[in-house]
Number of protein chains: 2
Amino acid sequence: MTKIGIRYTKPRKLIFKALNHFSKPVSAAEINFYLKNKIDLTSIYRTLELMKKINIIEETEFGDGKKRYELMKNNKHHHHLVCENCGDVENIEMKEDNLLDKVKNKSSFLIKEHKLEFFGLCPNCQ
Amino acid sequence: MTKIGIRYTKPRKLIFKALNHFSKPVSAAEINFYLKNKIDLTSIYRTLELMKKINIIEETEFGDGKKRYELMKNNKHHHHLVCENCGDVENIEMKEDNLLDKVKNKSSFLIKEHKLEFFGLCPNCQ
DNA sequence: TATATTATTGCAAATGATTTGCAATATGTC
DNA sequence: GACATATTGCAAATCATTTGCAATAATATA
Ligand SMILES: [Mn+2]
Ligand SMILES: [Mn+2]
Ligand SMILES: [Zn+2]
Ligand SMILES: [Zn+2]
């Protein structure tokens with residue numbers, strides 16, 4: 001009875017490195033491109049799925065039908081500003097206790113998480 | 001030189017009626033099902049695209065890879081609570097001036113819109 | 001009302017992102 | 001190093017959404 005856990009393989013290392021390289025949410029295709037096709041898209045998807053499950057990345061959607069993933073560096077929850085013109089993304093952190101309390105008061109849902117994204121124009125594109 | 005504008009056709013009336021029937025964001029497929037396949041999915045997509053363009057519906061994503069649309073009844077901006085278990089959706093309205101001001105202060109983006117969705121468990125599923 | 005003009009529809013086929021099946025390969029254990 | 005099992009790559013499948021196009025419906029105006 002040999003039991004082995006999750007393996008930290010070469011593909012996974014590369015994908016982790018890729019995610020770490022970006023400071024914003026990136027799609028599977030972008031990771032693939034960054035890694036110059038070294039790792040199959042399928043494996044990228046599977047690895048992302050895994051990383052999501054073990055909670056080291058976060059999934060976001062900006063509305064263009066592609067899921068994006070971002071490393072939860074230092075575990076700091078944050079949101080994004082997305083430029084509708086050039087696609088540039090800025091991270092944004094803020095205190096949101098007020099907001100959350102407000103919602104918890106208004107509803108009887110048990111809230112586990114939330115996503116908040118802003119869309120507009122970056123300084124360059126204004 | 002005859003020029004004609006946007007037509008309020010039978011399919012469009014039906015799709016509008018369907019959207020009006022739901023009080024939450026629904027997918028093209030859900031509309032199609034509600035209308036018992038009377039209207040082709042393609043036309044539903046095209047109509048939704050149009051309605052989005054003329055600003056009478058709003059597009060949302062709950063993270064399952066399907067876009068959802070909701071009539072902007074009384075034009076009131078709001079957000080959602082989504083049950084991760086049964087998929088139930090609750091609308092939520094709140095004052096968010098503070099939040100928005102905070103973001104505007106922190107960033108030099110010109111913000112046009114934002115999306116905020118909460119995920120958790122509805123009363124029934126807790 | 002009939003006719004002309006243009007917008008819209010449905011259907012089939014294309015696309016694009018993500019998933020699945022499976023045999024070949026890489027990893028960690030003993 | 002040999003074994004047991006987890007992971008990979010590749011091909012094919014799926015699912016949501018889009019596109020091309022000829023047939024049909026809606027409106028203007030004669
Ligand atoms: Mn971020
Ligand atoms: Mn709503
Ligand atoms: Zn920009
Ligand atoms: Zn529920």
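First the proteins, then the strands, lettered A, B, ... as listed; each starts at 1.
- The distance from atom CD1 of A:I6 to atom P of D:dT7 is 7 Å, rounded to the nearest whole Å.
- Using a 4.0 Å heavy-atom distance criterion, B:R46 is classed as a base contact.
- Applying a 4.0 Å cut-off to non-hydrogen atoms, the residues of residues 16-45 of chain B that approach DNA chain C are B:K38, B:I39, B:D40, B:T42, B:S43, listed by residue number.
- The interatomic distance linking A:K66 (NZ) with D:dA16 (C1') rounds to 15 Å, in whole Å.
- The CG atom of A:L48 sits 9 Å away from the P atom of C:dT18 (whole-angstrom rounding).
- For the pair B:Y8 OH and C:dT8 P, the interatomic distance rounds to 14 Å; values are reported in whole Å.
- Note: B:H114 and A:H80 fail the aromatic proximity criterion, with ring centroids not under 6.0 Å apart.
- Using five terminal pairs a side, the axes of the helix from C:dT1-D:dA30 to C:dC30-D:dG1 at its two ends make an angle of 30°, given in steps of 10 degrees.
- Rounded to whole Å, the distance from CG on A:L50 to C1' on C:dT27 is 15 Å.
- In this entry the distance linking CG of B:D64 with C1' of D:dA16 reads 11 Å, nearest Å.
- For B:R7 and C:dT6, a side-chain-to-base donor-acceptor distance below 3.5 Å is present, hydrogens and geometry of angles not being considered.
- The residues A:K52 and A:E49 are annotated as salt-bridged, a charged nitrogen and a carboxylate oxygen being separated by less than 4.0 angstrom.
- Separation of the B:Y34 and B:F22 ring centroids falls under the 6.0 Å cut-off.
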